[in-house]
Enquirer: 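Before we start, here is the structure in question, set down as structure tokens.
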Amino acid sequence: METPYTSRCRAVRVGGLFLGVFAILICCQTVSLQGLQPAYAWTAAHPAAAALTVLLLLCAMGTLYALTRFLSLSFLLTAAVPVTLTVVSYYRMVINGEPLMLTDFSLLGQFAGVAGFATDRITVSAATWTALLLLLRLLGAAVLVDIALERPPRAGRLHRAGLGFSMLVISVSIAGNTYCVEAYRHYAMQVERDRACGVPLSLLSTYLGSEAAGSDEYSELRMKRLLLEMEAAIGETGDQRPHIIFVMNESFFDVTRLPGLTFSADPLPNYHRLESQTTYGRFYTTTCGGGTGWVEMQVFNGVAKDFLGPERANTDLTEEEYALLPSYVRVLQENGYHTTAFHAHTDELYNRSENYPRIGFDEVLFFEPFKTGATYEGGYFDDSSSADVIISLFEQYRENPTYLYTMTMQNHQPYYAGRYSEDRVTVTSELLAPEDLEVLQCYVNGIYDADRMLGKLVDYFSKVEEPVILVFAGDHVPSLYLSETETVYSKLGYVDAPLSADWSADEYRRMLSTDYMLWTNFDAEAGRQDTSCTVLGGELLRRAGVPSTPYFAYLAQSAKSLLFYTGSLWIGPDGELLPEDDEAGLKAYRDNQDIIYDLLYGEGYIADQINRIP
């Protein structure tokens, strides 16, 4: 028979469960929104998201409490995942401008290498400390409850745990699949979902709602018609096979675009001098401040990350999937090119040593074999030495058509005073404090050396008799972090806020644009032409004049309607934002959606034809 004391114990424990999960929700939102008051306001403004989060956490904590019979331990284990995800997402956005995404989990095995670039710049804010201290105080209170009250009986604990777990599964299956899928469809960008749902529920929404699908028009007849359009896009090929040198330069972009800056000299003299002789312009990428490997892979295959599903990283696919997906590197290989990839760092990130051979590289090299005689600037294998490696490899393979891809490392973050022994070009601004200028000055030193690399390569290949194409592009804008409340971009007014959650669509467009240049020693085609990591491969094959595939020919043609797309951000061929109801842009989007769906997930109506050179 239950005594009054036993009844009070049960009431305290049940109350502790409800209080604990609500506190976890508030702590997560305090970190995400950087304040207790905004966290309470969010709960009132988003009752459905708050209630579903509490329900899921309650089922999880109830299950753990039934198993452990310790309120404190169940609270700690339940809080660990959502709080960790929220803290990581917040500081990822502070450092790189974008929140935690499911694709980031593909880098868990290289966590130490990724974290090493940023941990020395992270300072824990007052709001984050408030949230963590609140959790610690509640944990202490739960420990006292465990000590003071008798624990639940062992008998039946597996039954109670099974009941709690069943409720969790049912909640995810019914409420989660209903609310989360709708949230995923309604909020196209991860950062929008985070603000509306909270980080833990937002990530769950991405996972549950991101099932790959074709458009409503997907059918065999549509795909056959689309194949005819793709084949019709294939242009004439040339008689020559130009060597192709592609340099993806770390964080390269035209820093003179930032307002309010004064330079003692042009930090990009070669880039600006060559604009009148080359094709150049904005280069739209999938990320800002980091994620180089994902940008690289999208350049190679021309497949937007939207169509792989947000939970799939394009650097973490299976061998079979890489074989199915397009690759302009493979197209060049099939045209008789010797294909080489060189990364001026180690092979620890993005599975390059495994993935690159799968997409058509004959040879994958890293900086270790080239250390002898190399120079180092800013702590990394420098851009001048990377240029020397390119020239050396070209001399080695130039008897046959050669494709050399290089990913540099010198201008990688972090940026800080003292990283360079001397300043190349001095930058000043009335909008930046002296300590802020130290961050920007470090980046400017690196970008100046990147520009010298461009000049060095153009000087060398200008004297080469064989036809050569040189592409020089930036993978993403640099992470110019100052504090949790400011970046160089926000202090200069390039964007209105440091976090992407507060950017307008046009600000997001700006922050996803670097710069590129396509130079040749044989082609007079010149002028500004914006491009993106999605369509550049098709344009490169067109300029080279090599026999292409229906996919890349159509990709180059579709760039005339839709240059770049990610989530709800669509960019037209003129580099301006497109409305989602733009007829030509919508057609290009749906075409690409169905092509990739047919290749990887659908019926494969044209899968064996679009990657074949006629």
Side-chain angles (χ1 to χ4, degrees), residues 96-98 101 187-192 215 233 248 251-254 257-258 279-292 294-308 310 314 471 473-478 489 494-496 500-518 527-540 542 551-552 554-596:
N96 284 343
E98 293 189 292
M101 302 181 187
Y187 302 105
M189 306 290 280
Q190 182 74 49
V191 67
E192 296 172 344
S215 73
M248 188 72 80
S251 300
F252 179 85
F253 93 117
D254 189 348
R257 282 200 267 142
L258 296 180
T279 302
Y280 72 97
R282 302 289 183 263
F283 179 61
Y284 292 94
T285 78
T286 61
T287 183
C288 51
T292 297
W294 302 325
V295 177
E296 289 180 295
M297 192 59 73
Q298 190 157 325
V299 171
F300 294 143
N301 60 33
V303 177
K305 64 180 182 179
D306 300 48
F307 302 145
L308 293 177
N314 59 12
V471 179
D475 54 345
H476 52 71
V477 297
Y489 304 107
Y494 193 65
V495 292
D496 288 337
S500 60
D502 301 312
W503 293 343
S504 67
D506 193 54
E507 287 173 330
Y508 219 117
R509 177 190 65 83
R510 268 181 256 149
M511 291 299 291
L512 289 179
S513 69
T514 65
D515 293 272
Y516 89 106
M517 181 165 283
L518 192 155
R528 176 164 175 174
Q529 179 182 322
D530 292 352
T531 188
S532 74
C533 59
T534 309
V535 303
L536 180 56
E539 176 63 15
L540 181 57
R542 184 192 72 81
Y551 177 81
F552 281 109
Y554 186 73
L555 201 62
Q557 179 175 286
S558 68
K560 299 174 183 177
S561 303
L562 183 62
L563 192 67
F564 179 72
Y565 42 90
T566 179
S568 59
L569 190 73
W570 289 20
I571 298 174
D574 58 356
E576 297 299 323
L577 293 173
L578 278 181
E580 290 190 20
D581 59 354
D582 180 86
E583 187 174 338
L586 188 59
K587 179 186 184 308
Y589 181 87
R590 287 176 175 169
D591 287 351
N592 281 279
Q593 178 185 14
D594 284 344
I595 290 167
I596 302 307

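We number each residue from 1, following the sequence as shown.
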Enquirer: Is any side-chain heavy atom of Val303 closer than 4.5 Å to a side-chain heavy atom of Asn314?
Expert: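 Of all side-chain heavy-atom pairs linking Asn314 with Val303, none is under 4.5 Å.
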
Enquirer: Roughly how far apart are Asn592 CG and Arg590 CZ, rounded to 0.5 Å?
Expert: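 Asn592 CG to Arg590 CZ: 13.0 Å, rounded to 0.5 Å.
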
Enquirer: Between Tyr589 and Trp570, how do the two ring planes meet: parallel, tilted or perpendicular, split at 30° and 60°?
Expert: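 Ring orientation, 0 to 90° scale: parallel.
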
Enquirer: First locate atom CG of Leu555, then atom OG of Ser532, and finally report the distance between them rounded to the nearest 0.5 Å.
Expert: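 Rounded to the nearest 0.5 Å, the CG-OG separation comes out at 8.0 Å.
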
Enquirer: Drop me the distance from Thr514's OG1 to Arg282's CZ, to the nearest 0.5 angstrom.
Expert: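 Spacing of OG1 (Thr514) from CZ (Arg282) equals 9.5 Å.
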
Enquirer: Can you pull out every salt bridge (Lys or Arg N to Asp or Glu O under 4.0 Å) where at least one residue sits in residues 564-577? Sequence neighbours excluded, please.
Expert: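 For residues 564-577, and leaving out neighbouring residues, there are no salt bridge (Lys or Arg N to Asp or Glu O under 4.0 Å) pairs at all.
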
Enquirer: Measure the shortest side-chain to side-chain distance between Leu518 and Thr531 over non-hydrogen atoms and say whether it is less than 4.5 angstrom.
Expert: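 Leu518 does not reach Thr531 side chain to side chain.
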
Enquirer: side-chain contact (heavy atoms from CB on, under 4.5 Å) with Lys587: which residues, sequence neighbours excluded?
Expert: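 Lys587 satisfies side-chain contact (heavy atoms from CB on, under 4.5 Å) with Glu229, Tyr554, Asp591 only.
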
Enquirer: From Asp475 CG over to Thr287 OG1, what is the distance, rounded to the nearest 0.5 angstrom?
Expert: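 Spacing of CG (Asp475) from OG1 (Thr287) equals 9.0 Å.
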
Enquirer: So which atom in Met248 and which in Val295 form the shortest heavy-atom distance, rounded to 0.1 Å?
Expert: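 The answer is CE-CG1, 4.3 Å.
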
Enquirer: Does any part of the side chain of Arg509, heavy atoms only, come nearer than 4.5 Å to the side chain of Trp503, both counted from C-beta?
Expert: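 Side chain of Trp503 against side chain of Arg509, heavy atoms only: no contact under 4.5 Å found.
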
Enquirer: Side-chain contact, heavy-atom cut-off 4.5 Å: Thr292 with His476?
Expert: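 Of all side-chain heavy-atom pairs linking His476 with Thr292, at least one is under 4.5 Å.
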
Enquirer: Specify the closest pair of heavy atoms between Leu563 and Val535, including all atoms of both residues, with the distance to one decimal.
Expert: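 Reported closest heavy-atom pair: O-CG1, 3.7 Å.
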
Enquirer: May I ask you to test the Thr279-Met517 pair for a side-chain heavy-atom distance under 4.5 Å?
Expert: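 Answer no - side chains too far apart.
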
Enquirer: Quick one: does Cys288's side chain get under 4.5 Å of Tyr489's, heavy atoms only?
Expert: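 No, too far: nothing below the 4.5 Å cut-off.
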
Enquirer: Could you tell me if the side chain of Thr286 sits less than 4.5 Å from the side chain of Cys533, heavy atoms only?
Expert: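 Yes, close enough: below the 4.5 Å cut-off.
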
Enquirer: Could you check Asn301 against Tyr551 for side-chain contact (heavy atoms from CB on, under 4.5 Å), going step by step and ending with a plain yes or no?
Expert: CA-CA 10 Å; Asn301 60 33; Tyr551 177 81; over 6 Å; no

Enquirer: Name the one of Ile571, Thr534, Leu578 that satisfies side chain to side chain contact (heavy atoms under 4.5 Å, CB included) with Tyr565?
Expert: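 Single pass found, and it is Thr534.
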
Enquirer: Show the nearest heavy-atom pair for residues Gln529 and Tyr516, with the distance to one decimal.
Expert: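 Distance-wise, the nearest heavy atoms are O-OH, 2.6 Å.
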
Enquirer: State, to 0.1 Å, how close Tyr284 and Gly575 come at their nearest heavy-atom pair, and which atoms those are.
Expert: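 Here Tyr284 and Gly575 meet closest at OH-O, 3.2 Å.
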
Enquirer: Where do Asp502 and Glu507 come nearest, in terms of heavy atoms and distance?
Expert: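 Looking at all heavy atoms of both residues, the shortest contact is O-OE1, 4.1 Å.
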
Enquirer: Are side-chain heavy atoms of Arg542 and Phe552 found at a separation under 4.5 Å?
Expert: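 When only atoms from C-beta onward are counted, Phe552 and Arg542 do not touch, as no gap falls below 4.5 Å.
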
Enquirer: Drop me the distance from Tyr280's OH to Asp530's CG, to the nearest 0.5 angstrom.
Expert: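 Tyr280 OH to Asp530 CG: 9.0 Å, rounded to 0.5 Å.
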
Enquirer: Could you walk me through whether Leu577 and Tyr508 pass the side-chain contact (heavy atoms from CB on, under 4.5 Å) test, one step at a time?
Expert: CA-CA 10 Å; Leu577 293 173; Tyr508 219 117; over 6 Å; no

Enquirer: Identify the heavy atoms of Thr566 and Phe564 that sit nearest to each other, and give their distance.
Expert: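 Nearest heavy atoms, Thr566 then Phe564: CG2-CE2, 3.6 Å.
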
Enquirer: For Ala556, give me all partners under side-chain contact (heavy atoms from CB on, under 4.5 Å), at least two apart in sequence or on another chain.
Expert: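 Partners of Ala556 by the side-chain contact (heavy atoms from CB on, under 4.5 Å) criterion come out as none, since no residue qualifies.
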
Enquirer: Is the closest basic N to carboxylate O distance between Asp506 and Arg510 below 4.0 Å?
Expert: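 Yes, this pair counts.
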
